[in-house]
Number of protein chains: 2
Amino acid sequence: MDGERRPTLEAVARHAGVGRGTVSRVINGSERVSERTRQAVQSAIEELGYVPNRAARTLVTRRTDMVALVVSESEERLFAQPFFAGIVRGVAGVLAERGLQLLLATARTAADHERLGDYLVGGHVDGVLLVSLHADDPLPGRLTAAGIPFVLGGRPAHPGAGAVHYVDIDNVGGAELAVRRLAGTGRRRIATVAGPADMPAGQDRLEGYRRALEEAGLEADPALVARADFSREGGERAMRGLLESAPDLDAVFAASDDMALAALRVLREAGRRVPEDVAVVGYDDADLAAGADPPLTTVHQPTERMGGEMARLLADRALSRAAPEGVVLETRLVVRASG
Amino acid sequence: MDGERRPTLEAVARHAGVGRGTVSRVINGSERVSERTRQAVQSAIEELGYVPNRAARTLVTRRTDMVALVVSESEERLFAQPFFAGIVRGVAGVLAERGLQLLLATARTAADHERLGDYLVGGHVDGVLLVSLHADDPLPGRLTAAGIPFVLGGRPAHPGAGAVHYVDIDNVGGAELAVRRLAGTGRRRIATVAGPADMPAGQDRLEGYRRALEEAGLEADPALVARADFSREGGERAMRGLLESAPDLDAVFAASDDMALAALRVLREAGRRVPEDVAVVGYDDADLAAGADPPLTTVHQPTERMGGEMARLLADRALSRAAPEGVVLETRLVVRASG
DNA sequence: ACCCGCTGTGGGAGCGCTCCCATACAGCGA
DNA sequence: TCGCTGTATGGGAGCGCTCCCACAGCGGGT
C-alpha cells in the first residue's frame, strides 16, 4: 500500500545522534534540553517528516486528546438551524486551539445510546460535551461514576444531582426580552405558545413570560397560555386554542420560531393582521424567521458562543478536575416586522 | 481519580483460565475457538466489565477505526441548513453501523488547513470524507500521495486528476426540474440567478437551466442570465440587474433559496406580483423556503442520503482499495406557491 | 583536594494489544 | 502399537511511545 513505514521516534533519535528520551523531551516541550540539542532534534524531525504516533502515546499516557460531542439524534430539533451548526462551530474552534480532536457521537435508538455510554466510559475520550439531554438520560450518571469529565449544554435537569459543569442560555431572560417588547409597544392581552413542561427551555421561557407580565403590571390569565412541543404542528393547534380561549388577545409570544410561524398562519386564516391586530414574537432566530411574512421579531441565542464556552469549560476546568462551574449566556432581541 | 485500572485482556484471560491469545481470538471473532472456551471467555468479559483498549490495538494493527469528515469552515454556506446537518446525519448513521467513529475536522484558516493535512496523512484516521472542496484544494493530492482512502462530496473539480470516489447530487437534473416546471406552467421569459462560475454546483445548475430551455424550445437570451454568489445580497443585486436587462421576464429560477428569497423581495419592491406576474423557483429546500412569502417552490436535495452514500462508499469500497466509483443522487421538486 | 548539587542525557521497563510460532492433544488409518 | 494430520491453545515478541532512574560532567563552596 503505502510502501515503507513512517519514521519512529527511535529513527529520529538515531538521525540526530541522541537518545529516545531526548527526542521525547523536545517533542513534549520539556525545558530540560540544551538549545543545541533541541535544534538538532528539530531538524532531524523535519528531514524525516516525523509525526508522533498517537496510539503509542495514548497507550502510555492514558490521554487521548479526544473530546466527544454527544447529540441525541432523536431530538430532531437539535439538528435544526441554527442550533446544531452554531454549537459545532463554537466547539470545533476552541478545541482546535487546545489541540484536541472532536469526536461527533450521535445516538438514534436506545441501543445506540447504551453502546455510546459503553464507548464513552471505555476511556476512549478525555471528556464529553452533552447537548439536548433528556431529563431521564443515564449518561451523566454513568460518566460521573466512571470519572469522565463532562460539560452539559443547558442547565442540569435535576439541580439536586450534584454540581456539574454546564453552559446555559438565559431562557428566562430571553423570554422577558420578548414579552417586555410586546408590553412596551402597548400590548395588553399577551398570550404565549409555550414549550413542553418537561424541558428546561420550555419551563424557563414560560417563567420569563410570567415575570415580564408581572413587571408590566399585566394580568396573568391562564386562558392566555397554551402548551405545545416546539413544532409547527403543535404550534398550530395551540394557536387555534388560544384564539378560542382568549379571542381578545393582541400579542403572542411563541417559545420557538417554528411555533411562531404556525401562529402567523393561523392568525392570518382567522383574519387577524400581524402586527396591526396581533403582534408576534418568536424564539431562536432560525433561518426561517427572516423570510417569514411578515419577517419575525425573535430572540437570538448565541449558539456559537455556547459551543465555545462548553469546550473551554471542559478543556480548562473539567479536564483538570476543577470545581464545577455554571455559565449562563445572554440572548438578544432581533426586532423585525411582526412585533 | 478513578480508582483502579480498567481490566486488561490479560486479566480476562486469567479470570477465564485461558491464555491471552484465546481471549483475543474470542474478541475478534475468530472461529478457531471451541464453543466451551468461548462461553467461558464471554462471561469473564462480562463479569469484569472488560472493554478493549483501542490505543493498544491501533498500535499493532495500524487501524484506527476512525473516519474524518472534513469541512472548510470558510465555506459559510456549508453550515447552512439543511446541508450540513443532513450530511452529518447520514454519515453518522452509516459509520455507526460499520463500527467506525466520526472525527469532525474543520479548518478556518489556511494554517488550520495545513495542520489538518498533516494530521490526516499522519495515519490518525483510516479514511477521509471531504465536502465543500475548493477547486485548488491541496488535500486530495496529499491524501492520494499518502495512500489515505477518501471520498469526495460533490463531483471532482478536475476530471483529469485521476479517478476518485465521489458522491454528487444531480445539479443539472435538479435545475432542469425547476425550469421545466416554469416552462410547463406557461412561462416564456424565464430568467435565472445563477451561482458562481467556479463552483461545480453553480456551473451545473446553469447548464440544467439551458438544457431545459432548449427542451422547451425557448430562446436562450443572455439578458436573462445573471451571476451571483449564492448569497442573499448577491441575489438582490443580480435580480435588480435582471429587471433592467430583461424587464419582460415572467419567471426566475434562482440557484439557491437565499437568492430566491432576495428575488422575492426585489420583485415585490418593483411591484411585480409572485406568482401572478413572475413565478419564482429556488434551490436547496432550505428551512426558510417554507416560511417565505409566498412559500417557495424549490428543489430538494437528498443531503442525508448523500452523507450516507459517502460513508458507505468509504467503508465498503475505498477502505478496501476497490476501484473508484461515482454515485449521483437525484433531486426532487417541492411545489409550493411561488412558482 | 574533596564532596555536593544541578543540568542534560541515555536507555530500560512497560503500557495492552495482536501476530504467529510452538506445543498439546484428539482422532484416525495402517 | 505407531505415526500423522489437524485443531485448540499458550505465550513470546514487538508495535512506538513516555516515564523515570541512573549517570556523566561541571562548577563552587569548604
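Just so it is clear: chains get the letters A, B, ... in the order the sequence lines come, proteins before strands, and each one is counted from 1.
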Table of protein N/O atoms under 3.5 Å from nucleotides 26-28 of chain D N/O atoms:
none

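Between B:Val164 and B:Phe150 the shortest heavy-atom distance is CG1-CZ, 4.1 Å. Pairing each heavy atom of A:Leu116 with each of A:Ala107, the nearest pair is CD2-CB, 4.1 Å. When every heavy atom of B:Tyr119 is checked against every heavy atom of A:Arg54, the shortest pair comes out as CE1-NH1, 3.3 Å.
Between the A:Arg6 side chain and the A:Tyr50 main chain, no donor and acceptor come within less than 3.5 Å of each other.
Contact annotation for A:Gly123: no contact, since no heavy-atom pair falls under 4.0 Å across all strands. Among the atoms of the strands shown, only primed sugar atoms or phosphate atoms (P, OP1, OP2) are found under 4.0 Å from some heavy atom of A:Thr37.
For residues 34-43 of chain B, the set of pairs meeting the side-chain hydrogen bond (donor to acceptor under 3.5 Å, both in side chains) definition, not counting sequence neighbours, comprises B:Ser34-B:Thr37, B:Glu35-B:Gln39.
Here B:Asp112 pairs with B:Arg115 in a salt bridge; the nearest charged N to carboxylate O distance falls below 4.0 Å.
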When every nucleotide of nucleotides 16-24 of chain C is labelled 5' to 3' by its protein contacts under 4.0 Å (heavy atoms), B for base, S for sugar-phosphate only, - for none, what sequence of letters results? BBB-B----
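Each end of the helix from C:dA1-D:dT30 to C:dA30-D:dT1 gets its own rotation axis from five pairs of C1' atoms, and the angle between them is 60° to the nearest 10 degrees.
Judged purely by distance below 3.5 Å, without hydrogens or angles, the side chains of A:Asp137 and A:His113 pair a donor atom with an acceptor atom.
Phosphate contact (OP1/OP2 of C:dG8, side-chain N/O of A:Ser34, threshold under 4.0 Å): absent.
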Just distance, no hydrogens or angles: give the donor-acceptor pairs under 3.5 Å from side chains in residues 59-71 of chain B, sequence neighbours left out.
residue : atom : partner  : partner atom : Å
B:Thr61 : OG1  : B:Arg57  : O            : 2.8
B:Thr61 : OG1  : B:Arg63  : N            : 3.2
B:Arg63 : NH1  : B:Asp65  : OD1          : 2.9
B:Thr64 : OG1  : B:Met66  : N            : 3.3
B:Thr64 : OG1  : B:Asp126 : N            : 3.3
B:Thr64 : OG1  : B:Asp126 : OD1          : 2.9

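Checked against salt bridge (Lys or Arg N to Asp or Glu O under 4.0 Å), B:Glu325 has the following partners two or more places apart in sequence or in another chain: B:Arg317.
Between B:Phe84 and A:Phe84, the angle of the ring planes stays under 30°, which puts this pair in the parallel group of the 30/60° scheme.
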